[in-house]
Amino acid sequence: MKKSIFIIIYIIMMFICGQPEFVLATASLEVTVRPNQILMGALYNGANISVMGNVPADSEVLIRLTGHLEDYKLKKKGRAMGVLWMNLGIVEIQKVPSLFLLYPSKAVNDSLQAGRQSWQDLGLGFEAVLKQANIVLDSEDKSALFEEFVKLEKKSGLYGTIKNTIHYKQGKGGMKSFSCTLALPSGLPQGVYKLDVFAIKDDAIAGYTSKEIEAKKVGMPAFITSFAFNHGTLYGVLAVLVAIIAGLVTGVIFKGEKAH
Amino acid sequence: MGGFVGLLSGIFGVGGGFLMTPLLIMIGIPPTVAAASDSNQIVGASTSGTLAHYHLGNVEFKMGILLLIGGVAGGTVGVQFIKILRHMGNADFLIQITYVIMLGFVGIYMFVESLQGLRVSKSIEVVAVPKKESKYAMILKKLPWQTNFEKSGTELSIVLPLVLGVFVGILAAIMGVGGGFIMVPVMVYLLRMPMHVVVGTSLFQILFTCINVTIMQANTNHTVDFVLALILLIGSTLGAQMGAKISRRLKGEQLKIILASLVLIVMVKMLMGLLLKPEILLAFVGGH
């Protein structure tokens, strides 16, 4: 009896330990992120984030940057009357991150490219996003549609796999140091982003840590965003007035030039 | 980009939304923000352009106001019509087909007509033979409330610009554009206005259409990016002034043939978009 209880407990423990999230909760890596706050002023045109840390010498690094979950309404294009390509309806893709950027080391990227099942089992890549996503549509291949969604987001620079950004240096005590510069897109929406750093060894997660990066509008853009959302009509009227004044001033300047 | 679109606006009396919005989307601006901010910058460009054309004596205010009244009424009807179509699920198809047919028809007609005009003015000496009045001209004369339009040098019934304004307003609402592209040929061929006055008057009308769109977008969708519009404005207001000066130097027929070529390029691009498989089969909701 005692033996069977022990076996059951052992099986349960093995099952729990096999889940990536459990591994994530226990193993920890030393990682520094600079800066951890991006201030998006009037001249913001993308930002660089420096990530540095130490991982076991025999492991490889994968960095993942994700945004909050969002719902999207999209137009679906298809063939009509066998000839014309046009919008055939609306598709809703729910519970997908607003940003999903992967920065794999060369070895991790090669493993990704090979499309090994073990990699998918880790639940770190785009497959994991598809799994948690809710795609509302009548009948169609959901993964094909999700692929199109990823293409669309990649075009905006908000999704993607950015290669050759992780660099290693020899460390001490069986460790090696790594550094990576994350280039964030200019179209980055305001919000708090989760930066996950994974140390991967033999297709399993050997170490993990998570940090937060905040992207915040400041100065004129922050004021304008708040004004536009809280006083829409007044904002519209002022935008029109400024445009008219700009047009009139240019007109007057040019008229002045003509008089000379 | 602002300068280039402003230049087109000043030369041809079109808003430039048909060019600027896709350009903005291409550089990564979300379609809804691109369309709304574009409307905002067109307000500046058309103010600047209208002023420049006013100084050149090219704005027929009376005609512009009549077309505007008709346009607002037509726009309201068009919006309701598009709502019904959306409900039936055929809206996008109808919008794109209307675009291709309208642009194709207007572009080809303008191109051929202005090409003939250029050839005639080059090769034949004009002999003063009294022209036989067309049936269309005779019908126009019979309409009530005839008014003199000084800048255009014509006498027309106020019913005609009102009715045509409604027609353009409906089409503009269906197609989701300011209507400059349709309004210019309507003024040239149906209202028989001289091309230079058409450009100035069209800009005057576009100014009000875009004021309406900007405020509506800011209030309903919060998609007007003022900073973006301001950056575009700097270029477009200057471009509109330069355009007005260039427009004055070109002959009416030359203006028409260049505009017709632009219209045909846009039409071909739209037709290709309908016939070729798109790179991505999904698109964000919104935009023109």
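Predicted model, so just to flag it, every value in this text is computed and none were measured. Below, read A as the first sequence line, B as the second, and so on, with proteins coming before strands; counting in each chain starts at 1.
Side-chain contact between A:K76 and B:L282 is present, with heavy atoms from C-beta onward closer than 4.5 Å.
Interface remark: A:A228 contributes backbone atoms only to the contact with chain B (heavy atom separation under 4.5 Å). Only the side chain of B:L233 comes within contact range of chain A, with at least one heavy atom under 4.5 Å from a heavy atom of that chain. Using a 4.5 Å cut-off between heavy atoms, A:L234 makes no contact with chain B at all. For A:L152, the parts lying near chain B are the backbone and the side chain together; criterion is any non-hydrogen pair under 4.5 Å. Residue contact with chain A, scored on non-hydrogen atoms closer than 4.5 Å, is absent for B:I234.
Among the candidates B:A52, B:P278, B:G49, the residue making the largest number of heavy-atom pairs closer than 4.5 Å to chain A is B:P278.
Listed here is the closest heavy atom pair of B:I280 and A:K77: O-CD, 4.2 Å. B:N219 approaches A:T233 most closely through the heavy-atom pair OD1-OG1, 2.9 Å. Considering all non-hydrogen atoms of both residues, B:N40 and A:A243 come closest at O-CB, 3.5 Å. Of all non-hydrogen atoms in A:A239 and B:V224, the two that sit nearest each other are CB-CG1, 4.5 Å. Scanning all heavy atoms of the two residues, the minimum distance from B:A218 to A:G236 falls at CB-CA, 3.4 Å. Taking both residues in full, the closest heavy atoms of B:F226 and A:V242 are given as CZ-CG1, 3.5 Å, listed atom of the first, atom of the second, then distance.
Counting non-hydrogen atoms of other residues, nucleotides and ligands closer than 6.0 Å to NZ of A:K151 gives a total above 12. Heavy atoms of other residues, nucleotides or ligands lying less than 6.0 angstrom from OH of B:Y54 number 12 at most. Heavy atoms from other residues, nucleotides or ligands lying under 6.0 Å from CE of A:M52 number more than 12. No more than 12 heavy atoms of other residues, nucleotides or ligands shown are found within 6.0 angstrom of CD on A:E212. Counting heavy atoms of neighbouring residues, nucleotides and ligands inside a 6.0 Å radius, atom NZ of A:K163 does not exceed 12 of them.
A:E148 contributes a side-chain N or O that, together with a main-chain N or O of B:L281, makes up a donor-acceptor pair within less than 3.5 Å.
For the side-chain contact (heavy atoms from CB on, under 4.5 Å) with B:I211, the lone residue among A:L241, A:V237, A:I244 that qualifies is A:I244.
Going from atom OG1 of B:T47 over to atom CD1 of A:I245 covers 10.0 Å, rounded to the nearest 0.5 Å.
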